[in-house]
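Structure first, commentary second.
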2 protein chains.
Amino acid sequence: MDTDDAIESLSALAHPGRLAVFRLLVQAGTEGMPAGEIARAFNTPANTMSTQLAILTRAGLIRSRRASRSVIYSADYGEVAGLLGFLMQDCCQGRPEVCAPVLQAASCCAPNTTAKETTS
Amino acid sequence: MDTDDAIESLSALAHPGRLAVFRLLVQAGTEGMPAGEIARAFNTPANTMSTQLAILTRAGLIRSRRASRSVIYSADYGEVAGLLGFLMQDCCQGRPEVCAPVLQAASCCAPNTTAKETTS
DNA sequence: GCCAAATTTCTACGAACGTGGAAATATGGA
DNA sequence: TCCATATTTCCACGTTCGTAGAAATTTGGC
């Protein structure tokens, strides 16, 4: 993840419609959702939604696969991880407690950790 | 953190100059850095930098405090935490391993955890 | 091959953003 | 009070973004 990648991802998410789409796909999980169904979920014309999905895809935030006539989109969690790492790079030079809140926010679904509810 | 807050934070960061400023302040820690020094660090006119700092401040990503003639800016890590929580809300309905990469990325400086280097 | 369904590409217009000059405002020293 | 320093606000220009109509493309059924 370099600056250009980060800008592309952040710009893609900095739009109410696209942000909503991405969050919907995050919740949809690996199974994903067809383009038409996404467009219908937000009452958006198919061509407009196609543009938004293309922008999210170019940013690496979502992936697509074809299933017969439909194109299924799904979230790519790795891109968020990369973005977070880029943003918080060298955040805690000797003082781990400084960026502890971020760690807490990420542990929503930790496999081995007790998820604390400290959403500041 | 609601949608509007998230959009404001993401928009603020979706700009090469502001992203660089925020990352600089993340690394500067709680001590922070005066506006003039930040402007000089990027060879940016003071008024332009002032505008960028104002945008980051309005988004809640940085704070400012006055120290005599200077205004010191510093990063607000909590906003990143909130943003991350908002993005990944309900990311792992029953399948914690799905969004594990994000947790890994956040554990750069975990106080109690062994930081693994799996930057995807 | 022909038609319908699903999605994408092309295009253009209005809206929002980024930049920095000039002027205004705050702070501290003499 | 007067001046220098530090930062911010005002403003206007050019550039980029968002949207959706129309047309093109891909896929599957018959």
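Naming convention: chains lettered A, B, ... in sequence-line order (proteins, then strands); numbering from 1 in each chain.
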Are OP1 or OP2 of [N] and a side-chain N or O of [X] less than 4.0 angstrom apart?
{"X": "B/Arg66", "N": "C/dT27", "result": "yes"}
{"X": "A/Ser50", "N": "C/dT7", "result": "no"}
{"X": "B/Thr48", "N": "C/dG20", "result": "yes"}
{"X": "B/Arg18", "N": "C/dG18", "result": "yes"}

Rounded distance (Å) that lies between atom [atom2] of [N] and atom [atom1] of [X]:
{"X": "A/Gln52", "N": "C/dT8", "atom1": "CD", "atom2": "P", "result": "12 Å"}
{"X": "A/Asn43", "N": "D/dT19", "atom1": "CG", "atom2": "P", "result": "14 Å"}
{"X": "B/Arg40", "N": "D/dA6", "atom1": "CZ", "atom2": "P", "result": "7 Å"}
{"X": "A/Ile72", "N": "C/dA6", "atom1": "CD1", "atom2": "C1'", "result": "11 Å"}
{"X": "A/Ile7", "N": "D/dC17", "atom1": "CD1", "atom2": "P", "result": "12 Å"}
{"X": "B/Leu13", "N": "C/dG18", "atom1": "CG", "atom2": "P", "result": "12 Å"}
{"X": "A/Arg58", "N": "D/dG18", "atom1": "CZ", "atom2": "C1'", "result": "13 Å"}
{"X": "A/Ile38", "N": "C/dT7", "atom1": "CD1", "atom2": "C1'", "result": "12 Å"}

State, with a plain yes or no, whether a side-chain heavy atom of [X] is found less than 4.5 Å away from one of [Y].
{"X": "A/Leu24", "Y": "A/Phe42", "answer": "yes"}
{"X": "A/Val26", "Y": "B/Gln89", "answer": "no"}
{"X": "A/Leu61", "Y": "A/Leu25", "answer": "no"}
{"X": "B/Ile55", "Y": "B/Thr51", "answer": "yes"}

Taking it one step at a time, do A/Leu83 and A/Asp5 satisfy side-chain contact (heavy atoms from CB on, under 4.5 Å)? CA-CA 8 Å; A/Leu83 193 54; A/Asp5 292 334; over 6 Å; no
From the set [options], return the single nucleotide nearest to any side-chain atom of [X].
{"X": "A/Thr51", "options": "D/dT19, C/dT8, C/dG18", "result": "D/dT19"}
{"X": "A/Tyr73", "options": "D/dT7, C/dT8, C/dG20", "result": "C/dT8"}
{"X": "B/Asn47", "options": "C/dG18, D/dT7, D/dT9", "result": "D/dT9"}
{"X": "A/Arg69", "options": "C/dA4, D/dA6, C/dT7", "result": "C/dA4"}

Regarding A/Ala35, tell me which of base, sugar-phosphate or nothing describes its non-hydrogen contacts under 4.0 Å with the strands shown. sugar-phosphate
